[in-house]
Amino acid sequence: MTPEDILSHPPRVLTQAQREHFFREGYVLAESVIPETWLARLRAARDELVERSRHLTDTDSVFDLEPGHRPEAPRLRRVTNPSVQNPDVWEFASQSILADIVADLVGPNVKFLDTMLNFKWPGGGEEVKWHQDVPYFPHTNYALLTAGVFLEDVGPEQAPMAVVPGSHEGPIHDLYDENGDWTGTIADMALAGAGLEKAVHLTGPAGSVQVHSCRTLHGSARNDSDKGRPVLLATYSAADAFPYVPYPAWSEQTFTIVRGEPARMAHLDPRPCPIPPNWRLGKGYQSIFTWQQREDTARRPDRA
Ligand SMILES: O=C(O)CCC(=O)C(=O)O
């Protein structure tokens, strides 16, 4: 579907102006849209996951730990696919107002892809370097987005996500270094001229939802404040977008149709996308933090 087709469907949650903003700028922020009852359930899910992580000593396929994580002072960077770990998160991602917000932006037929819970712990929660999402999972078109739900208030000092307005209409940058190794981030030279000086920081009260297109340039700084910044992120596509490489954070929930009908034809967008490493080989996909912080010496799964 084109943006014009999507906009021709009546809005479910967002205003028409918010939908138009998304297509023009590549992101939108809807303040305080998630009901308190859902926020309470999501916070309980977060707390339960933190409890489960306390005694872990190494990052695994679910819990990504910051160096220094200890039982008495847990420091999680991310939980991968919390919707697989906790039924409330899955109910939220698949059946709540969130899927309606996504339908406002990709059209009535919505496919779920994955969830992430990013923590940005107080006192140094790790940065996420500048990147676009789609080179991690190229699809037949670009009707893919990630929605982030603020579980707590997010102020400017808590390292909010920053997005570069309009960058979704620009080039898709390479996420490999000069040796051909995957870094998951855009090289400094390519960032010069990418419009970072225009970046907008997405702040707002708990219950707000930020949405960015898979082509939008984004990142976030280290959180040196004394407040955490837990955000539940969920990625979706239009039902007629199909991946042509293995999906990195695949689970049995990936590709569930959460609104409308499955597509019988792929929509093909001719604009090309760089291909990531083959996530099925070697150690497979690891979280963005592991790649960006160069914590793994085997830099390419197919070399591991
Ligand atoms: O949590 C953030 O600020 C950035 C999230 C993000 O871009 C990612 O995890 O890929």
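The shown structure was predicted, so the numbers you read here are calculated from the model rather than taken from an experiment. Just so you know, ligand 1 is whichever comes first in the structure, and atom 1 is the first atom listed for that ligand.
In summary, the aromatic rings of W90 and F112 are positioned with their centroids under 6.0 Å apart.
Of the protein's non-hydrogen atoms, the one nearest atom 1 (O) of ligand 1 is R229 NH2, 2.7 Å. Nearest protein heavy-atom contact of atom 3 (O) of ligand 1 is S220 OG, 2.6 Å. For atom 8 (C) of ligand 1, the closest non-hydrogen atom on the protein side is R78 NH2, 3.4 Å. Annotation: atom 5 (C) of ligand 1 to nearest protein heavy atom, N118 ND2, 3.3 Å. In terms of protein heavy atoms, atom 10 (O) of ligand 1 is closest to H131 NE2, 3.3 Å.
Just one of R43, R229, K227 meets the salt bridge (charged side-chain N to carboxylate O under 4.0 Å, His left out) condition when paired with E152; it is R43. The one candidate from H218, H21, H168, H201 that meets the ring pair (Phe, Tyr, Trp, His ring centres under 6.0 Å) condition with Y27 is H21.
Listed by atom number, the atoms of ligand 1 under 4.0 Å from H218 heavy atoms are 7 (O). Within ligand 1, the atoms closer than 4.0 Å to a non-hydrogen atom of M161 are 4 (C), 5 (C), numbered from 1 in the order shown.
For the pair K120 and ligand 1, the shortest N or O to N or O distance does not fall below 3.5 Å.
More than 12 heavy atoms of other shown residues, nucleotides or ligands fall within 6.0 angstrom of atom CZ in R271. When the shell of 6.0 Å around CZ of R24 is examined, it contains more than 12 heavy atoms from other residues, nucleotides or ligands.
In terms of modelled atom types and a separation under 3.5 Å, the side chain of W279 and the main chain of Y136 share a donor-acceptor contact.
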